[in-house]
Each structure stands twice: as structure tokens, then as C-alpha cells.
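In what follows, every heavy atom counts, from backbone to side chain, and hydrogens, waters and symmetry copies are set aside. Chain naming here is simple, since letters A, B, ... match the order of the sequence lines and numbering starts at 1 in each.
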Amino acid sequence: MEIKGQDYHVTYNPDRALVALRGSFELPGMKEYAPIVQLLNEAVDQKPATITLDMRAVNFMNSSALSMILKFGINIRNKKASHLVVLGTKRYPWQSKSLKNIKRFVRNAELKFVEG
Amino acid sequence: MELLDQQVQRELSALREEVSTLRSEKEDLETLLELTTEYSDYVAVDLKDKVRTTQRESEERFRTIVETTPVPVIISRLCDGSIMYANTRASSLIGLSREALLRSQALDFYRDPNKRKEFLEQLEENYDVDDYELEIKRIDGTYVWVTISLQPMTYKGEPSLLSALHDITERKQAEELLADYNRLLEQQVAERTAELLAALDNLKTAQRELVEVEKMAALGHLVAGIAHEINTPLGAIRASITNMADTLNDSIHQLPRLFQSLSPKLQQQFFALLEQALQSQQALSSRQERRIRRRLRKVLEAKEIDKADWAADTLVDMGIYQEIEAFMPLFKDKESEFILEAAYNLSTQQKNSKNIITAVEQASKVVFALKSHVHQDQFGVMSETNVIDGIEVVLTLYHNKLKQGVEVIRTYQDIPQLQAFADELGQVWTNLIHNAIQAMKNQGRLELVVFEQEKYVVVQVIDSGPGIAEEIKERIFEPFFTTKPAGEGSGLGLDIVRKIIAKHQGKIEVESQPGKTVFTVSLPISYS
């Protein structure tokens, strides 16, 4: 399953329970992100043992996008079914700053930051 | 009761659960809000930083370009002209340090401050200000010519004006130098023109003088000729008068006795004798005279006339050569000697009187010819002229010279009158006839032919002289060209002739062989 926008690309591989985000997320407001929200919800609904969120190729995210990711975290916590692994990169300093906030909702989420 | 309790308990329990859930969700939302706004702030700061960096880099790039380019550049605020930026070149052009420039206004450096306002107006109307020439004021007070190009831009966030200058001092100097040179050149040209005009004037004067000299020389010839022409009749007159004086005295004494002794019949014969003597025109050679003398003597002797010898001589002297029969009674008269002598004296006087009249007429003709030859053309006006008359005048003037050995042959056809400068044409005939006579050395044949051909009157002066060499023929009309030795003649004669003929829109040609030289002058009958 995938969603393609002008500057971004989202894919969901149900077999591997992997959601990958790529590009720049600058959509104005939550309403615009609805399709991606739906995709994320679907992934959570599958209740896989581990859900992996790959953000390594995201170069920019606005606050609505962050909100969306954090709600994704809330969803996972509430479902109490899956373990969350988040992949990020040190290339974009904002990732290490903001992605760790997922832990505010998903206490035992695993955050892995690769170099470059 | 219990049922109600249980229900209430159940409901309370449900409500408690809901509240708990709501509380939990509220916490989630608060956390979410906190995190997302924090993130927003962070992103904002991050973006601002990036913008600043980009701006700075951009400005650095700009500065590098403007510093490196060899063009004085100043950026000033659009609103008041205060200078925000100046590169090194601008600084050295104006003579102020960059720091000082940053404290100054662009207007300070315009020689004509109004120009800036004009430029702004022009830019507002979307016209370019490009390569505009104006003067900039340096800090030392001097002015420098530049071309200015203006470009509105935003600098450090403010609407500003970028001015690029180009020092055109050298070009202006070159322009001024060129202008100076031009003025100098014009001045020199004017001076030279004045010099040339003066020189031309001098040349013209010299030319006029030379022509006058030539005219005087020609006049001199003429005067010499005239003197001779007039002296001749004067000589004839003197001789005649002398003769008459001699014989008049005798006649006075003879007359009374004569008419006493002559009968009417004899008187008649006497007058008849005189008449015949007067009529006699012939000029005889001495041999002819001798023969006639002998014959008359014989006739007289045959008639037994006394002193037949003397009588014959006297008769011949009187010019009576024949038909003397009628006068026998006179010869037979006893006073015949006296009568014959008286007759001789009287006839001599008559003849001499006639000679005087002829000589006077001749002199008058010469004077008239002279007058008509040198009569000044009034105010250079043309008059009706008969070319033949003009030629005849000249022939009259040269009459005695011609008589010495030149045979003159005239072939004149009827020709119309011409509008001409009679004087000047006279000079032409004089010149040509004079040259012809000289060429022939006063011996030979001079032919004058006049006829009409198409629209021209043609005059030919033909002499039998030795001719003109082929190589000289081209040059004879050249001013100052002469074949005469130095000092004799200016060589302007034919040049003047040619000019006069040209003035009449005519032409002159020459053909020459040894023994026959022909000058042909053609004059148009009417002028354009």
C-alpha cells in the first residue's frame, strides 16, 4: 500500500509490518494528512508483534505531521498489541530532537538513529 | 431499593471509568499539544536560521562580485539616498573612505542634485537609466564625468538603488581635445583660405597688368604703324604744296599776259589742254615715257613746231601722251612757248591740288580707322558689327606696310551683322594680320576670306609665310609662348585672341604648311 504526494511518499508493507515515510511533509493541516492517518491506523489495527516506522528518509516534517506521528504512537499504546520500532537518522538534527517524544506515549518504544 | 442502588452503582462505576478514560485522553492531548507546539517553535527557529545563513551567503557572494568587478558601485536607500554600501572603486573615485561614504548621502555627490529626482521619476515610469552622462562631485571639490546606470533592488531588506558608475574623464578629455583640434583646424583653414584668396587676388591683378602690358605693346605697334600711315599723306601734301608754291608765283605773273594773247578759240583749246592734263592718270615706266617723248617729238617736228623737243618733254611732263592734233593751233602760235609753259604751271598746280585732296582723304581714312579701332566699347556692351568693316579698318591701318610687298586678296561673301564687342574683334584681326605680315617678312600673299557657314560667320586669314611647325602648333595659343627672341613680344597675343573669341562663343583653328598658314575664326551669328 502506498501514498504518493508531490514531495513525499508513504509505503506500508503489511508482511513486515513496516511503514516507511520519505520526503518532505508540509501539508497544511490535519485534514490533508487523513489518507496517511488512515494508512497508519490500518497498520496498527493489524496488531503485529512489532511495527516498524522508518523515518530515515524524511528531511522535513511540519507540526501537523509530527502530531500525526505522535497520535500513531498513542494508538499503538492504546491497542496494547504491538512493539514499536522507530528508525531515524542523525543527518537531520530535528529527528533526534522530536522523534524521541514518541516515548512520552509509547514508553518502551525503540528508537534507532543511523549515521548520515 | 437495592436494584436502584445496584443500578446507580453500575452507572457510577461506568461513569468513573469514563472519567478515567477522559482524564487519560486529556493528558494525552495536553502532551500532544505541548510536543507539537514545541516542535513548531523549533522548526520556526531552524528555518529562520537557515534563511539568515542563506541571506548572509548571498550577501557575501554579492559583495565578492561587487568588490571584484572594476566598476564603482554604490547602493543607496531609495527613500533618502543614504548610502548603504560602496565598493572600493567607488570610494577611490569619490575620494572618501568606505566608512565615510556609509555616513553620507548619494545626493552629496551629484553636481546637479535634481538629477537624482529625475532618475527616480524615470525609473518609476519603467524607463531604464542606463549609461547616462553626468558629473559627480569628488570630496576635493573637483568634478568628474561619469556614465551612470541605475537598478532598483532590495538590499538588506530595504528598497534601494544600485548605481554603477563609469569614469569617462578620458573620453571627455578626448572629446574636448577633438573639439579643440577641430576649432584649430577650422581656424587654420580660414586663415589659409584668406591667404589663398589674397594670392588669387594678386594673381588676377598680375594677370590684368600683363594683359594691359600686352595691350600697350600692341598699341605701340599700332601707333608706330599709324605714324607711318599719316606721315605718308603728309609727305605727299608737303611735296604738292612745295610744287604749287613754286609754280604759283610764275602763274600769277603769267596769267595776265596769257589771257591777253589768247583769242577765245585758243582759250578754249587752252582749257581743253589743261583738262586733258588733269584727266591723265597713267603712271609710266621710264622706257615707256622715252618712247612717247620720241613719238610726240616726231609728230611735232612733222608739223614744223618750234622747239619740238622741249614741247614734247613738257607735254609728257604734263601727262599728255596722245591726241595732240586738237592743240596744234596752240603749238603754232607765236607765243607757243609761253603758252605751253603757262599750261604746264597751271596743270601742275591742278594736279598737286588733286594730290593734296587725295592725301588728305587718305589721312582722314587713317584717322577714322584709328578712331574706330581703338574706340572703347562703352560699358562692355555688344553692338551690331560688320566683320568685314572691321577687317578693312585694319587693312587701312597697315596700308603702307602692305604696299611694300604684300599682295592682298579679298574674298568677301555676303554675311549678316553680328552682335559683338567691335573693339575686341578689331584686336583679333589686328593680331592675326600683324602676325601674318611678320611671318611673311612683309613679302608675299595675304588672303582674307569671309563667308557664312551654317550658323557661323567664318573669317580666314591666310599667309604665304614659312608655316608653323607641328610641335609648336599646339602651343601657340599658350600664354607667354612666343617664338620671338627674348624682349620682343610678351607672347600673350594669341592667348588674348583666343579669349576674345571665346567671349564671343566662337572658335579659332589653325592649319599650317610651309607656304600656306590658315587661321580660321568662326563666330556664331546669334548667341545662347
Could you tell me whether Lys172(B) atom NZ has more than 12 heavy atoms of other residues or ligands within 6.0 Å of it? yes
Among residues 7-33 of chain B, those lying within the under-4.5 Å heavy-atom range of chain A are Ser24(B), Asp28(B), Thr31(B), Leu32(B)
Atom CD of residue position Gln6(A) - does it have more than 12 heavy atoms of other residues, nucleotides or ligands inside 6.0 Å? no
Phe105(A) and Leu35(B): side-chain contact (heavy atoms from CB on, under 4.5 Å), yes or no, with the steps? CA-CA 11 Å; Phe105(A) 298 108; Leu35(B) 294 176; 3.9 Å; yes
Identify the two heavy atoms, one from Tyr42(B) and one from Pro93(A), that lie closest to each other, and give their separation to 0.1 Å. OH-C, 3.9 Å
Arg16(A), CZ atom: more than 12 neighbouring heavy atoms under 6.0 Å: no
Does Glu158(B), at its CD atom, have more than 12 non-hydrogen atoms belonging to other residues, nucleotides or ligands within less than 6.0 Å? yes
Neighbour count above 12 (heavy atom, 6.0 Å) for Glu170(B) CD: no
For atom CD of Glu176(B), is the number of surrounding heavy atoms from other residues, nucleotides or ligands below 6.0 Å larger than 12? no
Which of residues 58-67 of chain A have a heavy atom under 4.5 Å from any heavy atom of chain B? Phe60(A), Met61(A), Asn62(A), Ser63(A), Leu66(A), Ser67(A)
In terms of heavy-atom contacts, does NZ of Lys47(A) have more than 12 from other residues, nucleotides or ligands at under 6.0 Å? no
